[in-house]
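Take a look at the structure below.
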Protein chains: 2
Amino acid sequence: MSAPKKPKESLTIYDVAKRAGVSIASVSRVLNGLGTPRADTRDRVMQAVRELSFVPDGAARALSNGLKEVVGVVFRRESGETYLEGEDESFLFIDVINRGIETGAQRHGFDLLISSVGFNDDNVAQRIGALAGKSDGLILHDRMLSAVGIARLADMVPVVTLAGSPTPASINVRCDNESGIRMLVRHLANDHGYRSLGYVSGRSDSPDNKTRQRAFESEAAAAGADIETGPAWQGNYSAAGGANVIESLLDAGKKLPRAVLCANDQTALGVIHALGQRGIRVPQDVAITGFDDVPVARHLHPPLTTVRQPMHELGATAFEVLYRRISLGGGQRDIVLPVQLVVRESCGCTGGAVKDGG
Amino acid sequence: MSAPKKPKESLTIYDVAKRAGVSIASVSRVLNGLGTPRADTRDRVMQAVRELSFVPDGAARALSNGLKEVVGVVFRRESGETYLEGEDESFLFIDVINRGIETGAQRHGFDLLISSVGFNDDNVAQRIGALAGKSDGLILHDRMLSAVGIARLADMVPVVTLAGSPTPASINVRCDNESGIRMLVRHLANDHGYRSLGYVSGRSDSPDNKTRQRAFESEAAAAGADIETGPAWQGNYSAAGGANVIESLLDAGKKLPRAVLCANDQTALGVIHALGQRGIRVPQDVAITGFDDVPVARHLHPPLTTVRQPMHELGATAFEVLYRRISLGGGQRDIVLPVQLVVRESCGCTGGAVKDGG
DNA sequence: CTGAAAGCGCTTACAG
DNA sequence: CTGAAAGCGCTTACAG
């Protein structure tokens with residue numbers, strides 16, 4: 001069944017040179033637009049290239065000029081096939097960022113080398129190392145490596161982390177979580193006048209989550225609202241985690257606060273679901289907000305009030321910063337992007353107004 | 001601001017060899033697990049590698065052994081920032097497939113080199129050529145290149161296309177569109193007894209769409225139903241396209257058939273929306289079905305009856321087939337994956353039953 | 001088991 | 001403007 005012709009055994013720049021009757025140096029030059037080749041030379045080379053369907057080998061090129069024009073991107077793969085069910089959103093989140101990275105890369109002729117890591121893969125460091133060897137720099141999504149792991153990696157290759165913290169050798173790009181939460185709290189406490197507020201947190205080891213929780217506590221205190229937090233409010237960024245918090249609270253006979261901020265939309269989804277199961281109305285009995293503005297947020301019942309992060313821009317910025325670092329070295333270490341309050345109905349509003357935020 | 005230490009000027013296998021007091025050949029062997037190095041030798045090499053944080057250069061490696069362990073993936077990027085609004089689904093669709101490819105790649109130690117192409121990028125062939133030079137093989141999403149373009153490309157590097165058609169030199173992997181549509185028509189015509197059926201088509205140049213339309217016509221005819229098709233029913237896979245078909249039909253005073261199959265979920269979304277605008281109820285007045293089973297399909301009102309394509313598996317299969325082709329050559333040219341009928345409520349059913357299909 | 005050396009396919013000073 | 005040649009960092013027969 002295999003094709004008879006075998007234009008395999010790849011042709012090289014030597015084949016092109018021979019056919020065009022010039023040296024390989026000339027072929028290389030016209031292919032790269034260097035120097036000022038005679039029109040005659042250029043034409044013969046181009047024709048030979050076309051006739052042969054020649055494409056220069058990227059590995060040889062990279063080895064020779066020290067630039068692969070590739071950036072590695074590493075992200076967490078959810079276990080199993082959950083993406084087919086409810087968890088497909090966090091997933092989308094990563095992909096939107098990756099698209100942003102790709103957009104930036106495109107502008108500079110770079111491509112993305114993508115590699116996911118499972119929660120219980122054992123050879124993670126090794127895998128990322130292999131990726132590093134194939135790239136000019138690395139972009140690491142949230143929660144891929146410990147701080148020391150990142151530092152070690154950053155010793156070998158330029159590294160940009162997403163939604164983490166900068167290390168002496170790596171750059172971090174993140175969204176302004178703090179402002180986002182503050183806008184949410186002010187809207188709930190001031191615009192709606194809710195006097196008791198809860199926060200269902202995300203994974204406890206997430207920098208984003210820590211920042212959000214701190215901002216929640218300080219802003220809620222500033223607004224003079226009653227605050228509900230603590231171990232019982234510990235979620236994990238998943239819908240199941242959010243639902244679980246509500247169920248436990250209710251089972252323990254607790255009275256819920258008037259409004260509950262969730263660490264992310266996914267959590268809010270679970271919370272709203274759990275509330276519905278118990279016959280508690282959103283937003284009449286309890287107002288709910290999310291964080292992220294994932295695509296289904298607008299389709300929920302009620303439509304979810306949340307904070308939109310510029311995910312695409314986050315990715316594009318990450319690439320830009322990495323690129324600058326690769327070509328120039330140095331640069332800023334901690335980059336923060338603004339977010340936007342998106343007011344829908346789960347907070348108790350009825351319109352579809354979007355409030356801009358810094 | 002730039003870090004003082006510069007462990008740049010990459011270390012090479014020579015540095016490791018010197019430190020370990022062995023030859024570069026030995027370093028290479030222990031790193032690759034070849035031969036039977038003395039425990040002593042291996043330990044010294046490993047220690048040097050660790051102390052130096054050495055990672056072999058992928059380009060040099062690829063050049064030397066002729067394997068990059070990279071597959072290129074090319075897909076269409078929507079113009080602008082529409083992914084933030086309604087069109088984020090088709091988008092997700094591509095990403096799910098890419099995740100599937102990545103899963104397959106992972107198993108064989110390959111990484112994905114990703115590159116998107118915009119609708120009005122001019123140097124497409126060139127860009128894909130560059131990608132080919134960096135990879136061992138290419139996977140092309142739907143609608144990237146003409147048949148001759150694909151054939152030409154397949155001359156230089158192993159190529160697998162998705163949802164297209166095989167060429168003499170390239171492999172194609174697709175879902176069983178035909179069975180999917182037939183299951184839908186039978187459900188509508190036989191189970192529900194609808195006697196008039198319409199089909200809002202996708203882009204006219206899409207192989208998937210052609211197959212679906214043909215299957216629709218033949219199965220609807222077999223069921224003895226009245227068929228509505230033609231230019232007025234031409235959509236383009238987008239929600240706007242679907243809405244437009246309905247509006248035009250209604251504006252022209254046409255009577256809609258009892259059930260309308262849509263080329264994909266995105267189209268169905270637009271159709272349902274347009275129907276709602278005109279006060280036409282789904283499924284009471286007109287039953288609607290989609291194709292794809294995108295994540296929001298279950299969240300629509302009413303929940304969408306559709307056909308689920310194994311997108312993740314499609315990607316994984318594409319990689320597997322490409323991999324086999326890279327390492328062994330040859331192999332099957334046209335691969336078809338089964339789909340599944342997902343019955344929800346937009347067809348007129350009330351349950352949540354899922355019917356399996358071959 | 002281990003080392004010296006050739007070779008992978010390019011790019012880029014260096015001469016001419 | 002163009003060619004001969006060195007070198008990029010590995011892998012892999014080939015000797016020993």
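Lettering follows sequence order; numbering is per chain, from 1.
Residue contacts shown for L34(B) are limited to sugar-phosphate atoms, with no base heavy atom under 4.0 Å away. Contact annotation for S26(B): backbone-only contact, meaning every heavy-atom pair under 4.0 Å involves sugar-phosphate atoms and none involves a base.
Between T36(B) and L63(B), the one whose closest nucleotide on DNA chain C sits nearer the 5' end is T36(B). Nearest-nucleotide mapping onto DNA chain D: of G35(A) and Y14(A), the residue sitting toward the 5' end is G35(A).
Ionic pairing of K134(B) and D111(A) is present here: one or more N-O contacts between side-chain nitrogen and carboxylate oxygen are shorter than 4.0 angstrom. Ion pairing of R107(A) with E320(A) is present here, as a side-chain N (NZ or NE/NH1/NH2) and a carboxylate O approach within less than 4.0 Å.
V22(A) has its side chain within reach of V27(A): a pair of non-hydrogen atoms, C-beta onward, lies under 4.5 Å apart.
Taking the six-membered ring where the residue is Trp, F75(B) and H141(B) present perpendicular rings, their angle passing 60° and hence far from 30°.
First and last contacting nucleotides of DNA chain D toward chain B (any atom under 4.0 angstrom from a heavy atom, 5' to 3' order): dG9(D) to dA13(D).
Residue-environment remark: CZ (R152(B)) stays at or below the threshold of 12 foreign heavy atoms within 6.0 Å. The number of heavy atoms from other shown groups lying within 6.0 Å of CD (Q126(A)) does not exceed 12.
The two residues G129(B) and V55(A) come nearest to each other via the heavy atoms O-CG1, 3.1 Å.
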Dot-bracket notation for DNA chain C is requested: 5' to 3', Watson-Crick or G-U wobble pairs only, both distances under 3.5 Å, with ( ), [ ], | and . as defined. |||.||||||||.|||
